[in-house]
2 protein chains.
Amino acid sequence: MLLSKSCEYAIQAVLTIARKSDGDYLPVRKIADETGISYHFLGKILQTLTKAGILNSYKGPNGGVALVRSAAETTLLDIVAAVDGLGFAQRCALGLPKCSDESQCALHEDWGKICKNMSQMLESRSILDLISFYK
Amino acid sequence: MLLSKSCEYAIQAVLTIARKSDGDYLPVRKIADETGISYHFLGKILQTLTKAGILNSYKGPNGGVALVRSAAETTLLDIVAAVDGLGFAQRCALGLPKCSDESQCALHEDWGKICKNMSQMLESRSILDLISFYK
DNA sequence: AGCATTTAAGACTCTTTTGTCTTAAATGTA
DNA sequence: TACATTTAAGACAAAAGAGTCTTAAATGCT
Ligand code: FES
Ligand code: FES
């Protein structure tokens, strides 16, 4: 599994926020109901996104979370980086301690291409791109 | 992390077997020393490969494990399939219960391409290809 | 037959990930 | 000020992954 469960949830949540919010804050409760993700678990994940500067949060009545930047300016890579980190693109496919063009393993070249594809996909797809799929 | 730790170890082990064995059985002990993988843990992983028909094993003095098919006929995909399964290529990137061309999520198309790349890489690279890298 | 070697198998522990629950803090509203 | 709403935070539990250890079974050698 490339993305952790938390990261999958984070992406689903951000997609939901971008689709459902009309500029106001969207309560975590609503996101949980919409996506089916456990409320409390989702809360923690969204905290990470808030700390990472991807979401704003506001407490109290009419509070909730909202995107800091526009959907067009927020990419999948931002979310993955915040939740899982970018290690996937730097780690050796065989788990060897170092992965660089100097100290290579047998998979390094093939693997590098795949990682690059993946990073490019994650970076080039904005949240806006993705929600337009549902329209 | 795409490949599990066990799967990384399995690949390392098979590469070692292909490189070090001269037709005889290679003891798990030797593979563990060579790769630095814990002996007992490696034992379990190699059992899985044996059950999957990738390795033969033989007990007793001069026993060990050996490739069933030649290094040229054994692919990375065989190993990954045996240890981790092929779920990675069928699972929805967002963890949604179904992933098919009918019931798509926003990432389905992009994700599909990446999975295909990955499968092709794993399938097209034989163990022989990989060990020739070290020569 | 007896011994040393080597894989097989399962119990067990440790760590990480995933998920739940409870309480605190902030904030708008009446 | 009192209250309802909503996020923040941390303790706790459950499940999965990773790793260790012990014992059993098979086999070759003397
Ligand atoms: S060294 Fe193994 S993938 Fe780079
Ligand atoms: S439905 Fe999500 S990747 Fe196929």
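Each chain gets a letter, A, B and so on, in the order its sequence line appears, and its residues count up from 1.
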- Stepwise side chain to side chain contact (heavy atoms under 4.5 Å, CB included) test for B:H108 and B:C99: CA-CA 8 Å; B:H108 187 80; B:C99 175; 3.3 Å; yes

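When rounded to the nearest whole Å, the span between CD1 of A:I17 and C1' of D:dT7 equals 13 Å. The CG atom of A:D24 sits 15 Å away from the C1' atom of D:dT6 (whole-angstrom rounding). The interatomic distance linking A:L46 (CG) with C:dT18 (C1') rounds to 15 Å, in whole Å. Atom-to-atom, CG of B:L55 to P of C:dT6 comes out at 17 Å; the value is rounded to the nearest Å. For the pair A:N62 CG and D:dA4 P, the interatomic distance rounds to 16 Å; values are reported in whole Å. Atoms CZ (A:R29) and P (C:dC21) sit 11 Å apart, rounded to a whole Å. C:dT17 atom P lies 14 Å from atom CD of A:E8, rounded to whole Å. Taking atom OH of residue A:Y25 and atom P of nucleotide C:dA26, one finds them 16 Å apart after rounding to whole Å.
A:Q47 has no side-chain polar atom (N or O) that falls below the 4.0 Å cut-off from OP1 or OP2 of D:dT7. Close to C:dG28, at under 4.0 Å from its OP1 or OP2, lies a side-chain N or O of A:Y58.
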- A correct 5'-to-3' footprint of nucleotides 19-25 of chain D, with B, S and - meaning base, sugar-phosphate only and no protein heavy atom under 4.0 Å, is BBBB---

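Using a 4.0 Å cut-off between charged nitrogen and carboxylate oxygen, B:E8 and A:R91 count as a salt-bridge pair.
For residues 48-75 of chain A, the pairs satisfying ring pair (Phe, Tyr, Trp, His ring centres under 6.0 Å) are A:Y25-A:Y58, with sequence neighbours left out.
Residue contacts for A:K51: at a heavy-atom cut-off of 4.0 Å it reaches the sugar-phosphate backbone alone, with no base atom in range.
By the criterion of side-chain heavy atoms lying less than 4.5 angstrom apart, applied directly or through intervening Ile, Leu, Val, Met, Phe, Trp or Tyr residues, A:I11 is grouped together with A:I131 in one hydrophobic cluster. With hydrophobic clusters built from ILVMFWY side chains whose heavy atoms lie under 4.5 angstrom apart, A:I17 does not share a cluster with A:F133.
Closest approach to the A:T50 side chain among C:dT5, D:dA18, D:dA8 is made by D:dA8 (side chain taken as heavy atoms from C-beta onward). For A:P61, the side-chain atoms get nearest to C:dG28 when compared with the rest of C:dA4, C:dG28, C:dA9.
The SG atom of B:C115 sits 11.0 Å away from atom CG of B:L86, with the distance rounded to the nearest 0.5 Å.
B:T50 and B:Q47 share no side-chain donor-acceptor pair at under 3.5 Å.
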